[in-house]
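One structure is given here, and the rest of the page talks about it.
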Amino acid sequence: MIAVTSSKVSDERIDEIVHHIEKFGVQAHVSKGTDRTVIGIIGKADPKLAEQLRQMSGIENVIKISKSYKLASRDFHPDNTVIKINDVSIGGDELVIMGGPCAVESPEQIDEIARLVKLSGGQVLRGGAFKPRTGPYSFQGVGVEGLVMMAEAGRKHGLLTITEVMTPEYVDVCAEYADILQVGTRNMQNFDLLRKLGTCNRPVLLKRGFSATYDEFLNAAEYILASGNPNVMLCERGIRTFETYTRNTLDLSAIPVLQSLSHLPVISDPSHGTGRRELVEPMSKASVAAGADGLIVEMHTDPDNSMTGDGVQSLFPDQFAKLLLDLEKLAPLCGKTFNTAKSFQFA
Ligand code: PEP
Ligand code: MN
């Protein structure tokens, strides 16, 4: 259930209403809009509460949300959530490009890739220090040392950083070194991890489980929101279908659907979404055309020798730079701004 205030209600009155709600043993989540405030009531509420709220001064409407997720829904938060990290805003007018290798491999590798991401106009450096590999004998990532290498490269080149966290025990150390924490597709329903991320002070990029419905995806986001972290972005990274030519099927419809159901920013991952380098450029552009707030793209200086199998889907640096130049032209047609500063020279 949500209670919507009339316009321009004072903060004191909102506090009184929240206090009243809490007396019923339920939680109240306040979301301030430009004009009105929406108070989400989470928990099994006594029907008397709805009746009382309807009579209270300052309340204009009380609406029952029938969806299983509440805080993630647009009913609760009609305006887009914009996540601001330093000078980058995710979910607003700006198109945000996250680029980098599948895995952090060495200080030299991540430093050089960070330099190229920055030069091309990207705002965020991606790289996994802990890798969720399908097989236990595959390279599992360089661990905490990789976090240190990536933090240093991000700082040196003026980029934000994003890295995957796989277990609740590692949330604190990942949050110490990275600006954004990524939940991988295999962990979308790792509820202990989601709850722990709800208590940390870093924005979270939640990847869609490769067989998750939108409803399951938004409920996973709800776990993080309900545990106290409002800064969640949703990432479409492809789902498993009967097709075997591509690694996954990038579900482009997810972008407008999630944006209609939810206020959270939506990021597209055309690298894991296709698994094929030659498809990354067209599917990046298609994602932006579909309204994505940002992209997360794998790029490597030596993809043939990358330590994970994801070299086949990684762009070469010149392809990444060319893509970003094209996105600079495309973004304004799709309601976004994006500026590469055109500093990159490629052959
Ligand atoms: C990754 O980003 O490198 C990754 C493992 O992604 P996903 O969880 O989408 O497979
Ligand atoms: Mn990868």
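Residue numbers run from 1 in the order of the sequence given. Order of listing sets the numbers, starting from 1, for every ligand and every atom in it.
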Can you say whether the rings of Phe130 and Tyr170 are parallel (under 30°), tilted (30 to 60°) or perpendicular (over 60°)? tilted
Gly128 touching ligand 1 at heavy-atom level, < 4.0 angstrom: no
Identified side chain to side chain contact (heavy atoms under 4.5 Å, CB included) partner of Lys322 from the options Leu325, Asp318, Asp326: Asp326
With respect to Leu197, which candidate in Asp192, Leu206, Val204, Asn231 satisfies the side chain to side chain contact (heavy atoms under 4.5 Å, CB included) definition? Val204
Polar proximity ligand 1 side, [X] side, N/O cut 3.5 Å exclusive:
X      : value
Arg237 : yes
Gln182 : yes
Arg247 : no
Arg186 : yes

Distance-minimising heavy-atom pair for [X] and [Y]:
X      : Y      : answer
Leu53  : Ala3   : CD1-CB, 4.3 Å
Val171 : Cys200 : CG1-CB, 4.0 Å
Pro256 : Leu252 : CD-O, 3.3 Å
Ala221 : Leu234 : CB-CD2, 3.9 Å

I'd like to know if [X] pairs up with [Y] as an ion pair, taking the criterion as any Lys NZ or Arg NE/NH1/NH2 lying under 4.0 Å from an Asp or Glu carboxylate oxygen.
X      : Y      : value
Lys285 : Glu281 : yes
Asp75  : Lys70  : no
Glu51  : Arg54  : no
Asp293 : Lys336 : yes

With a cut-off of 4.0 Å, which atoms of ligand 1 are near a heavy atom of [X]?
X      : value
Cys102 : 3 (O)
Gly184 : 8 (O)
Glu298 : 3 (O)
Arg126 : 1 (C), 2 (O), 3 (O)

Ignoring waters, protein N/O/S atoms under 2.8 Å from the Mn ion (ligand 2) are Cys102 SG, His272 NE2, Glu298 OE2, Asp310 OD2
Which residue supplies the protein heavy atom nearest to [atom], what is that atom called, and how far is it?
atom                   : value
atom 8 (O) of ligand 1 : Thr185 N, 2.8 Å
atom 6 (O) of ligand 1 : Lys207 NZ, 2.9 Å
atom 4 (C) of ligand 1 : His272 NE2, 3.4 Å

In Å and rounded to the nearest 0.5 Å, what is the CZ to OG1 distance from Arg202 to Thr163? 12.5 Å
